[in-house]
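Below you'll find the structure, written out as structure tokens, and then a few comments.
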2 protein chains.
Amino acid sequence: MDKSVRVLQEKNLKNTHARQVVLDLFLQNSTPIAADQIFSYLIEKKCDIDRATIYRILDTFVEKGILHRMEFQEGKFRYEISGSDHHHLICEKCSSISDISDCGISEWEKEIRSKKGFLVKRHSLEFFGQCSSCQS
Amino acid sequence: MDKSVRVLQEKNLKNTHARQVVLDLFLQNSTPIAADQIFSYLIEKKCDIDRATIYRILDTFVEKGILHRMEFQEGKFRYEISGSDHHHLICEKCSSISDISDCGISEWEKEIRSKKGFLVKRHSLEFFGQCSSCQS
DNA sequence: TTACTTGCAAAGGCTTTGCATCGCC
DNA sequence: GGCGATGCAAAGCCTTTGCAAGTAA
């Protein structure tokens with residue numbers, strides 16, 4: 001796994017153990033991950049990294065555009081590797097998260113610019129409901 | 001202001017002073033309001049209602065469908081009176097919030113149902129960027 | 001070497017909970 | 001009168017911050 005090393009270099013970030021571990025986790029799981037899931041992962045991996053460090057790494061990665069930060073109405077943030085523009089289907093029963101691709105929100109954004117004068121930098125779109133397995 | 005009284009009756013909720021005050025605030029302001037804004041409003045109005053009570057009222061109103069709960073990536077919840085299906089333009093400079101009407105997300109929802117088997121109950125869509133006054 | 005990163009400990013912000021009291025219907 | 005709502009105090013999460021020590025480049 002030296003992809004993480006490469007990414008850190010590209011972004012002019014020092015290559016530290018903590019950053020590599022966190023970045024590898026995100027590179028291996030392209031699903032939105034919350035801080036507490038990172039903590040559990042680290043305990044399981046017997047990897048002793050402080051919470052404050054994790055939060056600082058997450059902030060740095062978001063600033064550098066490596067991660068996206070999002071909220072799923074849980075009262076906490078989730079983070080996902082940047083890249084494909086897509087949205088999420090969040091099951092309110094089993095909490096599973098799946099993706100759907102972006103089907104043309106950027107068209108709206110142009111319209112918003114011309115009609116409202118508002119310049120859209122980013123958007124968030126999430127769907128909440130029940131996944132196919134949870135509909136009995 | 002007996003609209004609030006009517007709403008509470010319709011929802012089978014006891015008509016208490018705290019609920020009326022909170023509901024009136026939302027009926028008079030159809031913009032997303034956070035709990036701390038309610039606290040400030042109450043202080044200004046010299047209205048002594050406990051924070052716990054406010055949070056409990058907000059939960060009740062969301063359960064009953066009187067309010068919608070949403071997040072604008074601020075690490076806290078906002079609430080807005082239910083009704084028209086619309087989305088928000090959030091200015092990252094001046095924090096102003098404006099509305100745009102729903103332009104067809106419900107079409108997507110049908111598509112999601114048929115293609116993915118996922119049953120959408122609700123969705124959230126927010127646009128972040130700069131309002132017209134903040135673009136210099 | 002030097003500026004950046006980390007750990008530790010503490011605090012901060014938002015929200016929830018338990019329990020006794022109060023008040024609407 | 002009875003059940004539900006409220007106040008008070010405490011705690012629970014999630015996250016941030018200050019500072020000293022450690023470390024990559």
Side-chain angles (χ1 to χ4, degrees), chain A residues 2 4-25 32-43 45-64 66-79 95, chain B residues 2 4-25 32-43 45-64 66-79 95:
Chain A
D2 42 16
S4 53
V5 179
R6 207 181 331 127
V7 172
L8 293 174
Q9 277 179 342
E10 276 169 12
K11 301 290 183 180
N12 290 310
L13 291 173
K14 283 187 184 168
N15 174 16
T16 68
H17 178 237
R19 283 175 177 167
Q20 268 195 49
V21 171
V22 174
L23 187 46
D24 278 340
L25 174 61
I33 299 173
D36 55 308
Q37 294 176 289
I38 301 178
F39 305 144
S40 310
Y41 169 77
L42 293 176
I43 289 168
K45 245 197 127 195
K46 294 194 172 65
C47 204
D48 204 10
I49 303 173
D50 196 77
R51 285 172 175 239
T53 302
I54 298 300
Y55 282 110
R56 281 189 278 233
I57 289 175
L58 291 172
D59 285 348
T60 306
F61 285 3
V62 170
E63 263 173 37
K64 292 288 185 176
I66 299 171
L67 297 179
H68 273 148
R69 193 173 78 158
M70 61 202 69
E71 284 177 307
F72 290 171
Q73 312 229 24
E74 304 164 300
K76 65 186 176 188
F77 294 110
R78 284 180 179 263
Y79 303 83
S95 302
Chain B
D2 43 16
S4 53
V5 179
R6 209 182 328 129
V7 172
L8 292 174
Q9 275 179 343
E10 277 169 11
K11 300 290 182 179
N12 289 311
L13 291 173
K14 281 187 184 167
N15 175 17
T16 69
H17 178 236
R19 283 175 177 168
Q20 268 195 48
V21 172
V22 173
L23 186 47
D24 278 340
L25 174 61
I33 298 173
D36 55 309
Q37 294 176 290
I38 302 178
F39 304 145
S40 310
Y41 169 78
L42 293 176
I43 289 168
K45 245 195 126 194
K46 295 194 171 64
C47 205
D48 204 9
I49 304 173
D50 196 76
R51 286 175 174 237
T53 302
I54 298 299
Y55 282 110
R56 282 189 279 233
I57 289 175
L58 292 171
D59 286 348
T60 306
F61 284 3
V62 170
E63 265 173 36
K64 293 287 185 176
I66 300 171
L67 296 180
H68 274 148
R69 194 173 77 157
M70 60 202 69
E71 284 176 308
F72 291 171
Q73 312 230 23
E74 303 163 301
K76 65 186 178 189
F77 294 110
R78 285 179 178 263
Y79 302 83
S95 302

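Order of the sequence lines sets the chain letters (A, B, ...), proteins ahead of strands, with each chain counted from 1. Since this is a predicted model, take the numbers as computed values, not measurements.
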message = Just N and O in the side chain of Thr53(A): are any of them under 4.0 Å from OP1 or OP2 of dG7(C)?
response = yes

query = Within 45° of the axis and under 6.0 Å from the centre of the six-membered ring of Phe72(A), does NZ or CZ of Arg78(A) qualify?
reply = no

request  = From the options dT6(D), dT15(C), dG7(C), select the nucleotide whose nearest atom is closest to the side chain of Asp50(A).
outcome  = dG7(C)

Flag side-chain contact, heavy atom, 4.5 Å: Lys64(B) against Leu13(B) = yes

ask   = Are any side-chain N or O atoms of Thr60(A) and backbone N or O atoms of Arg56(A), one a donor and one an acceptor, separated by less than 3.5 Å?
value = yes

message = I want to check one thing: is the phosphate of dT16(D), taken as OP1 and OP2, less than 4.0 Å away from some side-chain N or O of Tyr55(A)?
response = no

inquiry  = Please check this pair: side chain of Glu71(A) against backbone of Gln73(B), looking for a donor-acceptor N/O pair closer than 3.5 Å.
reply    = yes

ask   = With respect to the side chain of Lys14(A), which nucleotide from dA24(D), dT15(D), dC8(C) is positioned closest?
value = dA24(D)

query = Would you say dT5(C) has OP1 or OP2 under 4.0 Å from some side-chain N or O of Arg56(A)?
reply = no

query = Taking the side chain of Ala52(B) as heavy atoms from C-beta outward, which of dT6(D), dA5(D), dT17(C) is closest to it?
reply = dT17(C)

query = OP1, OP2 of dT6(D) versus side-chain N and O of Thr16(B): anything below 4.0 Å?
reply = yes

task = Would you classify Asp48(B) as touching base, sugar-phosphate or nothing, given that sugar-phosphate means primed atoms plus P, OP1 and OP2, and contacts are heavy atoms under 4.0 Å?
result = sugar-phosphate

